[in-house]
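Following: one structure in structure tokens, then a few remarks.
For clarity, every value in this text was computed on a predicted model and none was experimentally measured. Chain identifiers are assigned alphabetically (A, B, ...) following the order of the sequence lines, protein sequences preceding nucleic acid strands; residue numbering begins at 1 within each chain.
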Number of protein chains: 2
Amino acid sequence: MVVVQERQDRVDRIFHALSDPTRRDIVVRSLVGEHSVSALARDYPMSFAAVQKHVAVLERAGLVTKQRRGREQLVRGDIDAVREADLVLRRLEDLWHSRLDRFGEVLADVTREGTT
Amino acid sequence: MVVVQERQDRVDRIFHALSDPTRRDIVVRSLVGEHSVSALARDYPMSFAAVQKHVAVLERAGLVTKQRRGREQLVRGDIDAVREADLVLRRLEDLWHSRLDRFGEVLADVTREGTT
DNA sequence: CTGAACTACAACCATAAGGTTGTACGTTAG
DNA sequence: CTAACGTACAACCTTATGGTTGTAGTTCAG
């Protein structure tokens, strides 16, 4: 059993990064096309440094990557991290379905009673 | 001075709730079957009150619901909130695909022009 | 060359988050 | 009835988070 956990799992970071509306918006824009940090920053009611921090959070989560182009830093969304989070959610849905299967009879009974 | 607006969106709460491994585990167990809070608490290396707080976070996010049974409080997972988060992720993936499509067109154009 | 534009990063602040312990109260077992 | 169980919640502590301002290094335009 591997007990040596890192301080924060990658999945933790991804979900945490997505828990902020500004960051989700940045992900949306970065998935559609590349934007410099300052271009992103212009559209939010906060300082450039604040947006820079949001981008850093997204970068640590692997949701975006940065690439230099001259004096700009181009931010681009990375879909793999999104898929990783998606996998977690689908596993939860799978669990739910298997639970439904196991209690299918009971559910059927309840439904029948409910509609009587 | 302290303007406590109802600030946090439901989606914010869901993603934040899922950003903690203990809470994700509680969701897993609660989707599989019902458990009392203390039954859940026994399996984590923290106090009962801490687990209680985690459950509260999940409840505020709509990921679980609680139902009294005698002196116990049964925690049960709610798949709807999971699906809501899943929708957000799928929209991101859709954006990514549409970007690829548009990029494909550009590529086609460039290629066409380049080969003329 | 010089200044403006982008970025990086440190210092600071207020509040949220995640944990603890302690107390209180309803419910059930004996 | 009484003791134990399950829960709720308050008070407290420490660290993380999200914002600010300020300083400084690079790169580009003129």
Selection from [options] that lies nearest to any side-chain heavy atom of [X]:
X       : options                : answer
B/Lys53 : C/dC6, C/dA29, C/dG19  : C/dG19
B/Met46 : D/dG6, C/dA8, C/dG19   : C/dG19
A/Arg71 : D/dC28, C/dT21, D/dT21 : D/dC28
B/Gln52 : C/dA17, D/dT7, C/dT20  : D/dT7
B/Glu72 : D/dT7, D/dG18, C/dT27  : D/dT7
A/Gln73 : C/dG19, C/dT7, D/dA8   : C/dT7
A/Ala49 : D/dG18, D/dT21, C/dG18 : D/dT21

*asked:* Does A/Arg68, at its CZ atom, have more than 12 non-hydrogen atoms belonging to other residues, nucleotides or ligands within less than 6.0 Å?
replied: yes
*Indicate, with a heavy-atom threshold strictly under 4.0 Å, whether A/Ser38 touches base, sugar-phosphate, or nothing.*
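Sugar-phosphate, no base atom in range.
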_Categorize A/Arg23 for me: base, sugar-phosphate, or nothing, with a 4.0 angstrom heavy-atom threshold over every strand shown._
sugar-phosphate
*asked:* I want to check something: taking the side chain as every heavy atom from C-beta on, are B/Thr65 and B/Gln67 in contact at a cut-off of under 4.5 Å?
replied: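 Result no, sub-4.5 Å side-chain heavy-atom pair not found.
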*List the steps, then state whether salt bridge (Lys or Arg N to Asp or Glu O under 4.0 Å) holds for A/Asp80 with A/Arg83.*
CA-CA 5 Å; A/Asp80 289 340; A/Arg83 294 213 182 97; 3.6 Å; yes
*Relative to the 5' end of DNA chain D, which residue comes earlier, A/Ser19 or A/Arg68, by the nucleotide with the nearest heavy atom?*
A/Ser19
